[in-house]
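Note that this is a predicted model, so its numbers are computed, not measured. Values reported hereafter were calculated over all heavy atoms of this structure, with side chains retained and with hydrogens, waters and symmetry mates removed. Residue numbers start from 1 in every chain, and the chains themselves are labelled A, B, ... in the order their sequence lines are given, proteins ahead of strands.
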Number of protein chains: 2
Amino acid sequence: MNETPSSPGFQPLDREGLVQTVAKMLSKAIVTGQLAPGARLSESVVARELGVSRAPVREAARLLESSGLVTYEPNRGFFVRQVSAKAIADLYEFRIVIELAAVKRLIRTWNDDIHAALSAQLAEINRVATDDFDMLTQVEADLQFHRLLCSGSGNPKFLTVFDQIATETEFSIMVIGRLYDDPDRLAKTHEPVLEALCSGDETQAVDAMQYHIGEAQRLVTEQFRILEEGKTPQ
Amino acid sequence: MNETPSSPGFQPLDREGLVQTVAKMLSKAIVTGQLAPGARLSESVVARELGVSRAPVREAARLLESSGLVTYEPNRGFFVRQVSAKAIADLYEFRIVIELAAVKRLIRTWNDDIHAALSAQLAEINRVATDDFDMLTQVEADLQFHRLLCSGSGNPKFLTVFDQIATETEFSIMVIGRLYDDPDRLAKTHEPVLEALCSGDETQAVDAMQYHIGEAQRLVTEQFRILEEGKTPQ
DNA sequence: GTCAAGTAAATTGTCGACAATCGTCAAAAT
DNA sequence: ATTTTGACGATTGTCGACAATTTACTTGAC
């Protein structure tokens, strides 16, 4: 390895292109609700607003499309995605399929590094699982745990697909605006997953995982139903 | 709408954007091997070659990236993806996860339309499963059958993800250049899947499906190993 | 009043040009 | 001889402008 001996710990310095920056801005704006679902995402407006050209905005929007945050209609442009009850149900059903398979695979590739990373993330989840932290922080800590599960599975496909649906999950939850009255409750269901993984018991790990995501699905679906009822009392 | 009343069967006249056209061109060029794996995909060259600007080429390349046909390195551009033995193994392992789940779900939404579509596609598979047709035709007929399974599952996520990995599957097979000596053999393993679905037996359907994809994986992996040995005899 | 056609404004689709960045290779220093 | 530095060529990154398309509005006929 060619490395200057006297070099201090210089990190790669990000160097993320303008597209990534714009994509991140838009993501945040959509997830935090500044851009309402169904709203048109005008290239010109966003470009003017951010002080950049339309080209990087367009590319960023295409990136967001593959994350399921916006939809694209030819010759009409990009729109912030509408979330339906079925879409949320489908999303969580799909997550169960992916992440259960990832966990099954993870058991075979289990090692101390993964163990350490998951333990640390679990601690982080519990740390932010109080009303002192906002929901976005809690959700991101939660999803990061799941991301580590996919990342450690050894099959990159799981991570790729998870990243695509993670943002969508975050979006769905933020649309609801309020996930649980007791933030600590759902957070606690992570622990059995890690314990089962440590013990190497596949059946137990899968069960714990299924319960955890299922519980999350139940909460999200419930809250979304309440939200819809309040919106269209008819 | 300005349309002549006596107008005969005019098809929608493509109306798919230039981007889609370019993407299709590139797809074909990559899948048929005109662009070797690892080759740089110069925007300027492609644009000049097709007589269009760089913008649509760039967008098309981004589309291909999400299909796994090309990779993208910031400030360096797009490259035709290299396929490794592990990548192929990972791909098929992932397909098994997705399509098994899709089949399980399909049983619950089973109806005559889906039955008819699958039967027709099965007939098509058998029709082209001879040496009279080229491999690309055979592979596409095969994948279309699988696509129908995902499409009919009722959860759009399965279809979205399948479409992403279908092109990659096609690519992997075409790289190998020769899948099987007896085209009819693998084709025949589709039938038990359809039969099991008709009978509504989930266990049987999953078994048949797992056998079918597993068999395909075995063949592809084997052929790829042979190809690699021939390439680097060391 | 309703509906259709026509027109104007706004938005996306595409383009060509310039700026920023990367890879290469030669020249200079050690 | 090896390594570093600098400049050059090629490619990507970004931009502003124009063409094509869609949308909204107005006008007119029935």
Side-chain angles (χ1 to χ4, degrees), chain A residues 1-7 10-26 29-30 35-36 38-66 69-81, chain B residues 1-5 7 10-26 29-30 35-36 38-66 69-82:
Chain A
M1 292 288 177
N2 274 354
E3 195 159 359
T4 331
S6 61
S7 163
F10 275 143
Q11 52 227 18
L13 194 55
D14 250 15
R15 299 284 288 105
E16 59 178 14
L18 184 55
V19 174
Q20 323 288 334
T21 309
V22 173
K24 221 171 261 184
M25 291 271 189
L26 285 177
I30 293 175
L35 275 69
R40 170 180 229 118
L41 200 56
S42 169
E43 299 174 11
S44 336
V45 172
V46 174
R48 199 165 28 233
E49 200 122 347
L50 293 178
V52 297
S53 160
R54 270 176 52 213
V57 173
R58 218 179 140 78
E59 280 199 36
R62 277 243 134 97
L63 246 55
L64 262 59
E65 190 195 5
S66 70
L69 255 60
V70 305
T71 58
Y72 170 71
E73 298 175 42
N75 289 322
R76 300 223 331 118
F78 297 91
F79 297 84
V80 180
R81 188 150 165 275
Chain B
M1 288 279 185
N2 275 355
E3 197 160 358
T4 331
S7 162
F10 276 142
Q11 50 228 17
L13 193 54
D14 252 17
R15 292 300 284 109
E16 56 179 11
L18 185 55
V19 173
Q20 321 288 335
T21 310
V22 174
K24 222 170 262 182
M25 291 270 189
L26 285 176
I30 293 175
L35 277 68
R40 168 180 230 119
L41 199 57
S42 169
E43 297 175 12
S44 336
V45 172
V46 174
R48 196 164 30 235
E49 201 121 347
L50 294 178
V52 297
S53 158
R54 269 177 52 213
V57 174
R58 215 179 145 78
E59 282 199 35
R62 275 245 135 97
L63 247 54
L64 263 59
E65 190 195 4
S66 71
L69 255 60
V70 305
T71 59
Y72 170 71
E73 298 176 41
N75 290 322
R76 300 222 332 114
F78 297 92
F79 296 84
V80 179
R81 187 152 164 273
Q82 304 261 20

| field | Pairs flagged by salt bridge (charged side-chain N to carboxylate O under 4.0 Å, His left out) wherever residues 41-58 of chain A is involved - sequence neighbours left out | value |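 Residue pairs with at least one partner in residues 41-58 of chain A: A:E43-A:R54, A:E43-A:R58, A:R58-B:E59.
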Can you check nucleotides 11-13 of chain C for protein contacts, nitrogen or oxygen pairs under 3.5 Å, and list what you find?
residue, atom, partner, partner atom, Å
C:dT12, OP2, A:E43, N, 3.4
C:dG13, OP1, A:Y72, OH, 2.5
C:dG13, OP1, A:N75, N, 3.0
C:dG13, OP2, A:R58, NH1, 2.3
C:dG13, OP2, A:R58, NH2, 2.7
C:dG13, N7, A:R54, NH2, 2.9
C:dG13, O6, A:R54, NH1, 3.1

| query | Just how far, in rounded Å, is C1' of D:dT14 from CG of A:L50? | reply |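 About 14 Å, once rounded to whole Å.
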| message | So which atom in B:F79 and which in B:R40 form the shortest heavy-atom distance, rounded to 0.1 Å? | response |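 That closest heavy-atom pairing would be CD2-CA, 3.7 Å.
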| said: Which heavy atom of B:A60 sits nearest to which heavy atom of B:L26, and what is that distance? | reply: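 Scanning both residues, the minimum pair turns out to be CB-CD1, 4.5 Å.
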| task | Check whether any side-chain heavy atom of B:E65 sits under 4.5 Å from a side-chain heavy atom of B:V70, and report yes or no. | result |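 Yes - at least one pair of side-chain heavy atoms lies under 4.5 Å apart.
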| Does some side-chain heavy atom of A:Q20 sit less than 4.5 Å from a side-chain heavy atom of A:L63? |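 With C-beta onward as the side chain, the pair touches.
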